[in-house]
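Everything numeric here is computed off the predicted structure, so don't read it as measured data. Worth knowing before you read on, the calculation uses all heavy atoms, side chains too, and leaves out hydrogens, waters and symmetry mates.
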Amino acid sequence: MQTEQHGLKRHLKVRHIRLMALGSTIGVGLFLGSASAIQIAGPSILLGYLLAGIVAFIVLRALGEMAVHEPVAGSFAAYANTYVGPLAGYMVGWGYWTYWIVVGIAEVTAVGIYMGIWFNYKQHV
């Protein structure tokens, strides 16, 4: 007599880990940031998100076309340097570095806020 065991496996593939990373990245910024934005602007913030999404889509499509046309090891700062000028490339590169510093600080702040909610920390004002 053959018995079949049905149950959960303890096995994660690379795609599972990537989806978990994507979900956590989107979750912190989207849920924490959108809550305060909706409180301030109301449902009209969806129009702002739609407009920002369209602009991001167009810019990323253009960057994709440039990467296919001229693959370089310098990302979009190299494209700004080549097609706009050295000052634009310099500013884009440092702007991108500054962006990641701000994102890192925002992520640490979001983790602190979530930990305060999850572990019921009392905030002293």
Could you tell me which residues satisfy side-chain contact (heavy atoms from CB on, under 4.5 Å) with [X], sequence neighbours excluded, listed by chain and number?
X: Ile45; result: Ala37, Ile38, Ala41, Tyr49
X: Ile17; result: Leu12
X: Arg15; result: Lys13
X: Ala80; result: Ala88, Val92

| What residue pairs, at least two apart or across chains, pass side-chain hydrogen bond (donor to acceptor under 3.5 Å, both in side chains) with a residue in residues 92-105? |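 Found Tyr96-Trp100.
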
| Tell me the side-chain hydrogen bond (donor to acceptor under 3.5 Å, both in side chains) pairs involving residues 71-90, sequence neighbours left out? |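 Found Glu70-Tyr83.
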
| message | My understanding is that only one of Val108, Val103, Ile101 makes a side chain to side chain contact (heavy atoms under 4.5 Å, CB included) with Ile105; could you say which? | response |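 Going through the options one by one, the only one that passes is Ile101.
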
| request: Could you point out which residue of Leu60, Val55, Ile54 forms a side chain to side chain contact (heavy atoms under 4.5 Å, CB included) with Ile58? | output: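 So, applying the side chain to side chain contact (heavy atoms under 4.5 Å, CB included) to Ile58 and each of Leu60, Val55, Ile54, only Ile54 qualifies.
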
| task | Using a cut-off of 6.0 Å, state whether more than 12 heavy atoms not belonging to Met91 lie near its atom CE. | result |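 Atom CE in Met91 is not packed in, count stays at 12 or less.
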
| message | Just checking His16: does its NE2 atom have more than 12 heavy atoms from other residues, nucleotides or ligands closer to it than 6.0 angstrom? | response |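 More than 12 within 6.0 Å, yes.
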
| query | About how many Å separate CZ of Arg61 and CD of Glu65, when rounded to the nearest 0.5 Å? | reply |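 Answer rounded to 0.5 Å: 6.0 Å.
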
| query | Got a sec, which hydrophobics cluster with Val84, joining ILVMFWY side chains under 4.5 Å apart, including via others? | reply |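 Noted: Val84 shares its cluster with no other residue.
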
| task | Report the hydrophobic cluster partners of Leu47, with the cluster defined as I, L, V, M, F, W, Y residues connected by side-chain heavy atoms closer than 4.5 angstrom, directly or transitively. | result |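 When side chains under 4.5 Å apart are linked, Leu47 ends up in no cluster with other residues.
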
